[in-house]
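Notes follow once the structure below has been shown.
Every chain is numbered from 1, with letters handed out A, B, ... down the list of sequences.
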Number of protein chains: 2
Amino acid sequence: MEMATRRERLRAQTREEAKAAALRQIAAAGPQSLSLNAIGKELGMSGPALYRYFAGRDELLTELISDGYHDLADAVEAAGEAAAGAAPADRIRALTRAYREWALAQPHRYLLLFGTPVPGYEAPAHTTRAATRTLSAFLGPIAALGPDSRAAALEGQFEAGLADRDPDHPWSGPVLRLGVTGWTRMHGVVSLEVEGHFTQMGFDPGLLFEAEVESLIAEAAGSEAG
Amino acid sequence: MEMATRRERLRAQTREEAKAAALRQIAAAGPQSLSLNAIGKELGMSGPALYRYFAGRDELLTELISDGYHDLADAVEAAGEAAAGAAPADRIRALTRAYREWALAQPHRYLLLFGTPVPGYEAPAHTTRAATRTLSAFLGPIAALGPDSRAAALEGQFEAGLADRDPDHPWSGPVLRLGVTGWTRMHGVVSLEVEGHFTQMGFDPGLLFEAEVESLIAEAAGSEAG
DNA sequence: AACCTGAGTTAGAGCTTCTAACTAACACAA
DNA sequence: TTGTGTTAGTTAGAAGCTCTAACTCAGGTT
């Protein structure tokens, strides 16, 4: 176990403080408001000092996005583990709830991941792996519900597409279809919610989200719950 | 019929040219890249000249968003009118196809409407009306399929929420629920698609979108198509 | 103590939004 | 045609941004 020098510890701490300040700015006024000069002012140093810690504004943003993907994956996986002994439907409910709660707790971070792409950002491989982790957490309980094939061409594409990257993957086409479908449905509700599109409509988005989860569960179980 | 003066015509033309240049910038590098100076340079005038035409950058963006809402509503309504004589399911297919095609033809505009909110933008009432027009186009054919009640609390909220704004509205709770659900599902697929989240996954997003449309139709018709 | 490395600053280039003051062009009335 | 008012367009500049280069200082190691 390598002990960090004092200098290394201080450097890491400064980096984390800068990232936290950056997220506060983004939470207040969106990604375009991110300003290295303003972060420097908040930390009690000059803006250009931050170029000692990050190659530039793009690298800072890239790290924030990467952190977000990992954090979301961790939260969803933790919910899956906490519900490991439950029935598949309850596990899906727990997983979907964790997804939405993570987004509602930090909408600005959710929109960094899944909102309008920020120019200059490149997704490194480990970010893609974290995104895959989030989605994969749903596949086990969906498979346990035993979904039927509903769209053979599409399901074939999912199987082949994933096989290109992971030839030993255990998931059937219908499971993959419902995994991705579940993601698009969660995202559809959550993104419109955090963006404020529902505020004038007079309904509780949580109820709509739950209705969508129940619809997905019913579809995966092969029938429509009456 | 009031004839526009030459000055008025030229003014309107300059405004349209500025808006077109703005959209080209946004298409190339996202909303934050929008620069009045760069638009001025492209039109052959100084940046500050544009303050004669728009109160500021925010007003220009606000107009672009407003234009987008109206354009989308027009496109969806036109598809609904073109399919007016068809069966309800076919009308829904035409409407949803128009929604997705509009987004894919101009993803930068779609993300202006439904991506990460741009700071400084305020939705004027006529924008909200255009958004309502888009959603309303779906309600007729959904109602014609005769959907059952599935989530009474949620449906009651939809009815009451819309009644606050339009007491004479003819739509039942289940119709409103499926209208909004259809929107969230379309948006879930289209937004992840235009943002590039599906590109490494090896499937055709058009097939996924169609599968979601068929699922919505089956749900509205009160059975799962086998 | 001397040397090296990393942290931090300042100055400045080149960009932005926006305002104020000015000039020029256009439209209209007498 | 001339005079007046309005609008279009420019320039200068304030205040902000990202980023780089050159410099100084502080901390760590030998």
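- One interatomic measurement links the two molecules: CZ of A:Arg57 to C1' of D:dG16, which rounds to 13 Å at whole-angstrom precision.
- Under the 30°/60° scheme for interplanar angles, the aromatic rings of A:Phe158 and B:Phe203 are found to be tilted.
- Protein atom CZ of B:Phe54 is 12 Å distant from nucleotide atom P of D:dA8, rounded to whole Å.
- For A:Asp58 and D:dT18, the CG to P distance is 11 Å, given to the nearest whole Å.
- Atom-to-atom, CG of A:Asn37 to P of D:dT20 comes out at 13 Å; the value is rounded to the nearest Å.
- Distance NZ (B:Lys41) to C1' (D:dT10): 15 Å, rounded to an integer number of Å.
- Among A:Gln106, A:His108, A:Gln32, the single residue meeting the side chain to side chain contact (heavy atoms under 4.5 Å, CB included) criterion with A:Ile26 is A:His108.
- Screening B:Arg185, B:Arg100, B:Glu193, B:Glu214 for a side chain to side chain contact (heavy atoms under 4.5 Å, CB included) with B:Phe209, the sole residue that qualifies is B:Arg100.
- Remark: C1' of D:dC17 and CD of A:Gln25 are 12 Å apart, rounded to the nearest angstrom.
- No side-chain heavy atom of A:Tyr69 sits under 4.5 Å from any side-chain heavy atom of A:Arg133.
- Note on A:Gly47: nothing from the nucleic acid sits closer than 4.0 angstrom, heavy atoms only.
- Going from atom CZ of B:Arg15 over to atom P of D:dA8 covers 11 Å, rounded to whole Å.
- The 5' end of DNA chain C is approached more closely, in terms of each residue's nearest nucleotide, by A:Tyr53 than by the other of A:Tyr53 and B:Thr5.
- Rounded to whole Å, atom P of D:dG9 lies 9 Å from atom CG of B:Leu50.
- With a cutoff of under 4.0 Å to any heavy atom of chain A, the contacted region of DNA chain C is bounded 5' to 3' by C:dT5 to C:dA11.
- Contact annotation for A:Ser46: base contact, defined as any heavy-atom pair under 4.0 Å involving a base atom.
- A:Arg7 comes within 4.0 angstrom of a base, heavy atoms only.
- Open room surrounds CD on A:Gln200; 12 or fewer heavy atoms of other groups in view lie less than 6.0 Å from it.
- Between A:Pro48 and B:Tyr51, it is A:Pro48 whose nearest contact on DNA chain C lies nearer the 5' terminus.
- The aromatic rings of A:His187 and A:Tyr110 lie tilted to each other, with the angle between the two planes from 30° to 60°.
- The residue A:Arg52 sits close to a base: some heavy atom pair falls under 4.0 Å.
- Using the six-membered ring where Trp is involved, A:Phe114 and B:His197 have ring planes that are tilted, between 30° and 60° apart.
- Contact annotation for B:Leu60: no contact, since no heavy-atom pair falls under 4.0 Å across all strands.
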